[in-house]
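Following: one structure in structure tokens, then a few remarks.
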Amino acid sequence: MIGITSYGAYIPWHRMDRQLCLKAWGGFAIPGERSVAYYDEDSLTMAVESAINCLQDFDPEKVDGLFFATTTSPYKEKECAATMAIPLNLRRETRTADFNTSLRCATTAILMAYDSIKAGSLNNVLVTAADIRLASPSGMQEQGLGDGGAAFLLGNKNVIAEIIASHTISDDLAANWRADSDTFLRAWEDRMTQDEGYSKILPETVAALLEKAELTTKDLAKAVFDPPGDPRGHAKAVKDMGLEPGQVEDPYKLFMTVGLTGCAMAPMMLAHALEDAKPGDKILFAGYGNGCNAFIFQITDAITKLPERKGISKYLANKNPMEKYNDYLRWRKIIQLEAARRQEQQPIRVSAIWRERKQLMGLWGVKCNKCGTPQYDNGCGTTTPIRVCAKCIAQDDFEDYCFSALKAKVFSFTNDQLAPSIDPPSSVVLIEFEGGGRAFFDLTDRVADEIKIGMDIEMTFRKVFESRGISNYFWKARPAR
Amino acid sequence: MGSIKDRVAIVGMGCTKFGTLWDKGPTDLIVEAVNEACEDAGIGLDEIEAGWVGTMFGTGGRSVSEALRMQYIPFTRVENACASGIEALRGAAYAVAAGIYDICLAVGFDKLKDEGTSGLPGNENRTNTMYKSSMPGSFAMMANKYFERYGLSMKEGKEMLAKISVKSHDNGVLNPKAHLRKKITVEKVMNAPIIASPLGLFDCCGVSDGAAAAIVTTPEIAKKLKGDQVVYFKALQISTSPTTGRVLTDYDYTHVEESYRAGIAAYKEAGITNPREEISMAEVHDCFSITEAVTMEDLQFSKRGKVKEDIDNGTFRLDGKLPVQPDGGLKCFGHPIGASGIRMCYEMYLQLLGKAGERQIKNPALGLCHNQGYEPFAPTVSICIVGL
């Protein structure tokens, strides 16, 4: 039996009421709100958090494949999955790959994971998907898009959702696209792309899939597939496929709260549907984009034993309304803002971040074998790597000790108005980890006035700055939620 | 272990006016400070045998030898962040104490206002610093922790700190060489814009250009040059952090261990057993008001957690029992990094020789300078005690 063995998701904390777009630009506001990744988030960080949730009860050493699907890779050349493997504590031998450019690349990654397991090449493949697509300011697409991610672990043991059939159609229609040089999304006229694309290809793929699986729509407990750019096209497809509305994972649940999350949309809808799935359910799952990938999942008894996790529902409930549309422009660096009158960011040193990758991106410190003191040092230069115990001065007698999953408390803090920040003030905390060890971190996803000594903290993987085209990732503290 | 006590004398000192000296280059500052020091000592530049230079943004010993066209004698730049000034004094004094040279020069300078930044250039944009806190931010965290630990409300804490700045400004007004010479009120300090919470604008020292210099020599030569107008080193101690405060949970962030330890070492070297009673006056590293507050406790002038009582009682005011920052401190002088340690010593020197004018403290015997580099959890602290 091969299929999904665990799942996770991520939605940024910040949500923008679409009325803010109306206030900024005039025109018309789509009802509801959209998620906006914070200035320190990108597709890679959102995929990492989804993956951390997905792997919460799984030994990362057992993962042998990591696929990252996104249409918004921070790089044209450089793999993101190889970066993600470090905060996820995956082995070097893990087969890593990025899947890009199509909105159905996440479902393609799931297919490839399935095939790799079926072929016996891999046993546990983590498929992550996240997108942070940009539409030009002032348009409807800007309101309609959202940011988020999802992750699935595929394997052949403890399967909760078995893949019993799949079908693919490839199609070249450029419904929406971004050229190599484009920052913002482009799209062809909706009517044509829906008539000849989504509304045709999706039902065609599903019909072929059901035939292959010798099923009819009546056999389906749930149908989960992403809506097109104009989400109203989803209802037409439901009707054309002969599905009853009660059978369908309603795309408006996410569209009204998060927006269209690109290649992560179908995976996020599936992650949401899995929260309520019952053993025996057959779930149709499809992802559209330059064709369509469709699957039938059979839910197993194992789903009842899957421990609780931060799924879509918890992230949906956990949110902070944005006050200003301008913050969106600022966070996405859509406009150039006045620079702080401070020293400019020193350029990144690739050699140094490569050398310290485990300590920085993995948040690994050490625990002294002599005195047992856990210690983490995020550098500032001369104290890394740790060669001498800060407590008992023993040299080179440590075991590796990972801080990324530990809870912590604020020991002291400041809201710094002088240090440059994309969302001032710069909130900085000195935190103490459960079990020992302390370090300074930026505090992200916070309300500056609510920071207190003793506040509960959890760690989150974020982008700290960009330099020389390199996205520099590290961990930040976040109020525990 | 040896001691510097009474083995080296200061025979001349100089100090420029500190400020936003847009029309002055580093050379102007160095020449002005050194000329004043030489004139005070009654020597020519050609009598100097070696020099030590404390600067953060200048480079090499050459920064001073070049400015003064010193002729092929050794000049060494020393740098210990904000504590570089006393580091330069220590180099010069130790060279004389070692018997290698008879007359040495120590110079501290920085041309901070050419950096083009607001506030002290900080760590937050260094590529290997993974969190964004400026220098005020690092000290602000000490203030928040101090308030929490000793049960001060935000208002009580801020008021305690405000009184420190008000006192320094009261002194700075009397000093023609200070940068900021304006009286301020507790209310004004408490309502000032926040730089890094809870520290506001007037909790932070100024940002200035400036230079200071000292001529040091043997007691014998000093007596020949100046008779009894001579100040002696009583202690020169430095404590450099193992930088464990941000790693281990045992650092309380309400004191500076290096200040405490350098203080103990300096008192021992100077033969001081009761600092609060024996020290006549002090210039401490008040880069931020909270730094001065905890330094009073670290130097054992105040009991732990009780500095507020001394502040409220006016202990550290010019007319108090133990005047601190009689010249206005970093608060009013600003902090051209390398210059500050020697600028502190300049004030102690003037006071000891009865040359402090309106700020003159009655019959001082021992003056303490405290110079701190880097953040509270990982600094280098230099302490220099001078006396008659």
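What's counted below: heavy atoms across the whole structure, side chains too, no hydrogens, waters or symmetry copies. A note on names: the letters A, B, ... follow the listed sequences, proteins ahead of strands, and every chain is numbered from 1.
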Counting only heavy atoms from other residues, nucleotides and ligands, does the tally under 6.0 Å from [atom1] of [X] exceed 12?
| X | atom1 | value |
| --- | --- | --- |
| B/Tyr260 | OH | no |
| A/Arg357 | CZ | yes |
| A/Arg341 | CZ | no |
| A/Ile393 | CD1 | no |
| B/Glu187 | CD | no |

Looking at B/Gly137 and A/Asp416, what are the two nearest heavy atoms and their distance?
CA-OD2, 3.3 Å
Note: A/Ala419 and B/Ser134 closest approach over all heavy atoms is CB-N, 3.8 Å
To the nearest 0.5 Å, how far apart are NZ in A/Lys452 and CD in B/Glu148?
12.5 Å
Side chain to side chain contact (heavy atoms under 4.5 Å, CB included) for B/Ser197 and A/Gln417? Distances and angles first, verdict last.
CA-CA 8 Å; B/Ser197 66; A/Gln417 301 280 3; over 6 Å; no
Under 4.5 Å from any heavy atom of chain B, what part of A/Ile453 do you find: side chain, backbone, both or neither?
side chain
Would A/Ser412 and B/Asn144 count as having a side-chain donor-acceptor pair, cut-off 3.5 Å?
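No - no donor-acceptor pair under 3.5 Å links their side chains.
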Are [X] and [Y] close enough that some pair of their side-chain heavy atoms sits under 4.5 Å apart?
| X | Y | result |
| --- | --- | --- |
| B/Arg246 | A/Asp377 | yes |
| A/Asp442 | B/Lys132 | yes |
| B/Asp250 | A/Lys391 | yes |

Output the option from A/Phe433, A/Phe440, A/Phe413 having the highest count of non-hydrogen pairs under 4.5 Å with chain B.
A/Phe440
Max heavy-atom pairs within cutoff under 4.5 Å with chain B, candidates A/Pro420, A/Ser427, A/Ala448, goes to A/Pro420
At a heavy-atom separation under 4.5 Å, does B/Tyr251 approach chain A through its side chain, its backbone, both, or neither?
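Both the backbone and the side chain of B/Tyr251 come within 4.5 Å of chain A.
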